[in-house]
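What follows is a set of notes on a single structure, which appears directly below.
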Amino acid sequence: MEISKTFDFKSAEQKWYQHWLDHKYFESTPDHREPYTVVIPPPNVTGILHMGHCLNNTIQDILVRRARMMGKNACWVPGTDHASIATEAKVVHMLRERGIQKSSLSREAFLEYAWEWKEKYGGIILQQLKKLGCSLDWNRTSFTMDPDYYQSVIHVFNDLYSKGYIYRGKRMINWDPRAKTALSDEEVIFKEVQGKLYFLQYQLADKEGNPLPLENGSITIATVRPETILGDAAIAVNPSDERFKHLIGTEAIVPLINRRIPIIGDDYVATDFGSGALKITPAHDMNDNQIGIKHGLAVYDILNEDGTMSADAQLYIGLDRFDARKQIVEELKSAGHVVKIDEYTHQVGFSERTDVVVEPRLSLQWWVDMKKISSPALNAVQDGEINFHPAKFKNLYRHWMENIKDWCISRQLWWGHQIPAWYDAEGRYIVAMNEDDAKQKFSAMYGIENPQLKQDEDCLDTWFSSWLWPFEVFKGISNPGNKDVAYYYPTNTLVTAPEIIFFWVARMVMAGYEYMGEKPFKDVYFTGIVRDLQGRKMSKQLGNSPDLLEMIDDIGADAVRFGILIASPAGNDLLWDKASNEQGRNFINKIWNALKLVQLWKERSKPNLSAEEMTLGSDWPHEWFDARLREVCTEADQLMEQFKLSEALKTLYTLVWDDFCSWYLEWIKPGFEKPMDEAHLNKAIGFFEILLERLHPYMPFVTEEMYHLLRDDQPVDLCVRQMDASFIARDADDAILKEAVLLKSAISTIRDARVKAQIKNKDAVSLFVAAKDRSVWLPIQELLCKQVNAKAFSFTDDAVADSIQLVIGGDKFYVKADQVLDTSIQRKELETELAYFQGFLESVEKKLSNEKFVSNAKQEVVDMERKKQADALNKIKMLKEGLANLG
RNA sequence: GGAACAUUAGCUCAGUUGGUUUAGAGCAUUACUUUGACAGAGUAGGGGUCACUGGUUCGAGUCCAGUAUGUUCCA
């Protein structure tokens, strides 16, 4: 068959992915085999494929394809996350383009648009994963807002509530005073703002709490929001601060409203910022709120929903916060409280939606009491029931789990799972599965017939649904104990990014134990963050993320997979560069050319060659490659077990490029215009198939294509070919591996000597060996001569005149050419080498003459040093002889 | 502010309980050779006081302490 000059990835990718789908290779149903289950970290339904996905899903595909070829029932479940914030933003954007305001719509109408958007644009990313070659079981595609999934989320909320694990509580949130809504942290955009830092003087109070005149002492605080002093509950100083230490326990007076507030000590206060004294406003600052809780301070909420001053502020009631700021500064100035005003640049949060300054504000939210469900999840990782790769994340996980904070699960959004709580007009509420259930429960609890109830407007945090993912994709909650969940759960490996270890991984572990009584996965592989060459995280904002689909189109999915993986050390971030794709493409080109060579041989092959036709008599190269293949595959398997995917691929890369292409194929190559022995050829094809099989999980398309080109009657597709476990299990033959090491080094050394002595390639040389053990050279002498263009090989006991002397494997080698040798380069080489060994010998002898070393070090270490000494001495002797021999 | 992790050749990284030929690989780079599988291949070379400062030890890239820098997560 005619083979194209290069691999045509475009047609191959299209052809083989469809072929695999047609043959249902990716579909899994429970059977007698051991399952290997992976659930995809569901990408946002709004998402498009970027480099992070590429890395993450390439790794999963490698694991899944490998498991499939190793006799497991591999099941990789695809799906998407409804991503409430991101999706709602997209929908709002779409509506705006159509001239519709979200606020003008009812919840139902808005959700209709949202579903319309989801059906039309959602899940593009799943189609893109096909381009990458991902072997997902598409029949199992899940979505976190599928009807069953939705019900399961509601069920879990009810269940946790009834167990007392969910409660309502006040929390500081980001408030958008224009939209009159809470914002998630992700919706707050921080901008650097040139503002003013006001230094304000508070009078101190006497024992009765009456203000002392300013001349009798005062305390100065610094603030950028002077209007908030109306909400002050305390002044805090650092207890180690000599300037203020003595004031702790006394009181100060809030200017203008004359509120008495305590002066407290807290380590939180930075002594070198502002004046060193910090006003505490628990209702309007995140950190102040924490300090307020810690010290049991009063809370004065001075702002209304729309950002105007509230009655609690006492002054400027109904005035906008910024107007209030201007006025209060003037009043404070005239009352003599302003010490100075500095220019000050700081970060201010703005609403992504309305671009107004966000106010921190206290509000009622739903919470999960994490301490109640976290302990099995902590233990599972500590005890190695679940393994993290790399293990360093275990510490991070433990630290977080031991200091776990309650989880705020309500979000002021519509797209998502609506919180299943119903309220009456008086604010009494009930948690239930649905409205009827709620009415019934409410009547029973409060003794009210036919209550008028309204469901909570908010929806649940997206993670409150995705933490059920590993079992709910198998309907573990909506259809408990079904065949699928029993078979596939717990899953095997989760591949995800370390930044969501708390948001997602830890919570899945908790949910797994809470609802399945069992861990959700055995291993967690954390990928690195993909960065550009400047070390910046790849992101949409920076625009430094390459267009993945364009890249696949350009260079092929296999090259992209190779490129991202080879650059990806286990657990470290990777600096990705287009050049690694090129390395992938070059590698594909290399194996493609190996195929072309084998194809060429096929055309010239015949059985039972005559003596003249034969280039190579022995089977030695095949025996060696067989042993080498097993040795390297074992090594690669071990690396895979340790989740060192990148290194495993490097190992196979070297096996193919060096051992197979550079050595093995060269060794069995027939002489110019000579035929190929059919038996040799079949051996080579057999090895080639195993190499393709090993590479398939990493580069599925090119390997499948080549596998079929290698033999047109393949009994199965490579995608589902089963790796021969017994092949690997056999121990590699050590003797032949050692012979090969000797052969390779002999070839390299002699080739080097030929170059240095400027012997032309076509000029044959004669080899003489003064061997201590002649038998080691016998099996490899034929190949050695073939590879270095030697016409004769003989043993000798004496030095050979006018030759180049080399040392290979401890034996003296003489290379003799027919023409006069240029020995100048050779001489220089020998002298450099001699200097090296003399320096080396010196360092070894220094060590050995150190009595403390000889008496304290382990015997074997000392012996090793003695051996080094002896070897070096021997080497030096031979080098000197070599120099003498050059004349 | 707290915590975790990292720092080894131009780049990306290995380096297992401290000793295995005066630090290894891939990519990149340079020189030479070759052009009958190879948008190339072969051979060789250059390039590192293993971030810094101390300490433990006969011996430290490896262990300990501190410093610096970077990254991430949490505030």
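The model shown is predicted, which means the values in this text are computed figures rather than measured ones. Each chain gets a letter, A, B and so on, in the order the sequences are listed, and its residues count up from 1.
A straight line from CD of A:Gln583 to P of B:rA25 spans 15 Å, rounded to a whole angstrom. When the C1' atom of B:rG19 is taken as reference, atom CZ of A:Phe853 falls 7 Å away, rounded to whole Å. One can place NZ of A:Lys650 at 8 Å from P of B:rA14, the figure rounded to the nearest angstrom. Atoms CD1 (A:Ile588) and C1' (B:rA39) sit 14 Å apart, rounded to a whole Å. Distance, A:Arg866 CZ to B:rC58 C1': 14 Å, rounded to whole Å. The distance from atom CG of A:Asn874 to atom P of B:rU21 is 17 Å, rounded to the nearest whole Å. Regarding A:Phe526, its CZ atom lies at a distance of 14 Å from the P atom of B:rC73, rounded to whole Å. The distance from atom NZ of A:Lys674 to atom C1' of B:rA37 is 19 Å, rounded to the nearest whole Å.
Taking atom P in both B:rG1 and B:rG59, the straight-line distance is 40 Å, to the nearest Å. Across the P atoms, B:rC32 and B:rA14 are found 36 Å apart, a figure rounded to whole Å. Spacing between B:rU16 and B:rC11 at atom P, rounded to whole Å, works out to 23 Å. Straight-line distance between the C1' atoms of B:rA60 and B:rG55: roughly 11 Å, to the nearest whole Å. Using C1' as the reference atom, B:rC50 and B:rG15 are 11 Å apart when rounded to the nearest Å. As rounded to the nearest Å, B:rU57 and B:rG18 have P atoms that lie 16 Å from one another. For the C1' atom pair drawn from B:rG19 and B:rU29, the interatomic distance equals 35 Å after rounding to whole Å. Only the C1' atoms considered, B:rC58 is 46 Å distant from B:rC74, to the nearest whole Å.
Closest to the side chain of A:Leu600, out of B:rC74, B:rA37, B:rU21, is B:rA37. You'll find that the side chain of A:Asn850 is closest to B:rC58, out of B:rG19, B:rC58, B:rU20. Considering only the side chain of A:Lys858, B:rG19 comes nearest among B:rC74, B:rG15, B:rG19.
Of the side-chain N and O atoms in A:Tyr397, none sit less than 4.0 angstrom from OP1 or OP2 of B:rC73. Checking the phosphate oxygens (OP1, OP2) of B:rA39, a side-chain nitrogen or oxygen of A:Lys5 falls inside 4.0 Å. For the pair A:Asn856 and B:rG19, the criterion of a side-chain N or O lying under 4.0 Å from OP1 or OP2 is not met. For A:Lys867 and B:rU21, the shortest distance from a side-chain N or O to OP1 or OP2 is not below 4.0 Å. Phosphate proximity of B:rA39 to A:Asn589: present, with a side-chain N or O under 4.0 Å from OP1 or OP2.
Residue A:Lys875 is classed as having no contact, given no heavy-atom separation below 4.0 Å to the nucleic acid.
Under 4.0 Å is where a charged nitrogen must lie from a carboxylate oxygen, and between A:Arg361 and A:Asp285 no such pair does. Salt bridge annotation for A:Arg604-A:Asp677: absent, with no cationic side-chain nitrogen under 4.0 angstrom from a carboxylate oxygen. A salt bridge does not link A:Glu666 with A:Lys786: none of the charged nitrogens is closer than 4.0 Å to a carboxylate oxygen. Remark: A:Arg628 engages A:Glu631 in a salt bridge, criterion side-chain N to carboxylate O under 4.0 Å. A salt bridge is absent between A:Lys867 and A:Asp863: the closest approach of a Lys/Arg side-chain nitrogen to an acidic carboxylate oxygen does not fall below 4.0 angstrom.
Base pairing of B:rC50 is not made with any nucleotide, judged by Watson-Crick or G-U wobble geometry with both donor-acceptor distances under 3.5 Å. With a cut-off of 3.5 Å on both pairing distances, the Watson-Crick or G-U wobble partner of B:rC58 is B:rG19. The partner of B:rC32 is B:rG42, judged by Watson-Crick or G-U wobble contacts that both fall below 3.5 Å. Under the Watson-Crick and G-U wobble criteria, each requiring two contacts below 3.5 Å, nucleotide B:rU69 is paired to B:rA6. Judged by Watson-Crick or G-U wobble contacts below 3.5 Å, the nucleotide B:rG26 has B:rC11 as its partner. When Watson-Crick and G-U wobble pairs are counted only if both distances are under 3.5 Å, B:rA37 pairs with no nucleotide at all.
Without hydrogens or angle criteria, A:Asn289 side chain to A:Pro282 main chain gives a donor-acceptor distance under 3.5 Å. Within the 3.5 Å criterion, the main-chain N or O of A:Pro360 finds no donor-acceptor partner in the side chain of A:Asn174. Listed for the A:Ser662 side chain is no donor-acceptor partner under 3.5 Å among the backbone atoms of A:Asp659.
One donor-acceptor pair, N or O on each side, does fall under 3.5 Å between the base of B:rA37 and the side chain of A:Glu666.
Nearer to the 5' terminus of RNA chain B, by closest-nucleotide assignment, is the contact made by A:Gln838 (compared with the other of A:Tyr653 and A:Gln838). Each of A:Lys852 and A:Leu597 was assigned the nucleotide of RNA chain B with the nearest heavy atom; the assignment lying further toward the 5' end belongs to A:Leu597.
A:Phe503 and A:Trp463 have parallel rings, their planes meeting at less than 30° on a 0 to 90° scale where 60° marks the start of perpendicular.
Screening A:Leu806, A:Val788, A:Thr749 for a side-chain contact (heavy atoms from CB on, under 4.5 Å) involving A:Val815 leaves a single residue, A:Leu806.
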Mind listing the N/O atom pairs, protein and nucleotides 42-45 of chain B, below 3.5 Å?
{"unit_1": "B:rG42", "atom_1": "OP1", "unit_2": "A:Ser662", "atom_2": "OG", "d": "3.1"}
{"unit_1": "B:rU43", "atom_1": "O2'", "unit_2": "A:Asp752", "atom_2": "OD1", "d": "3.4"}

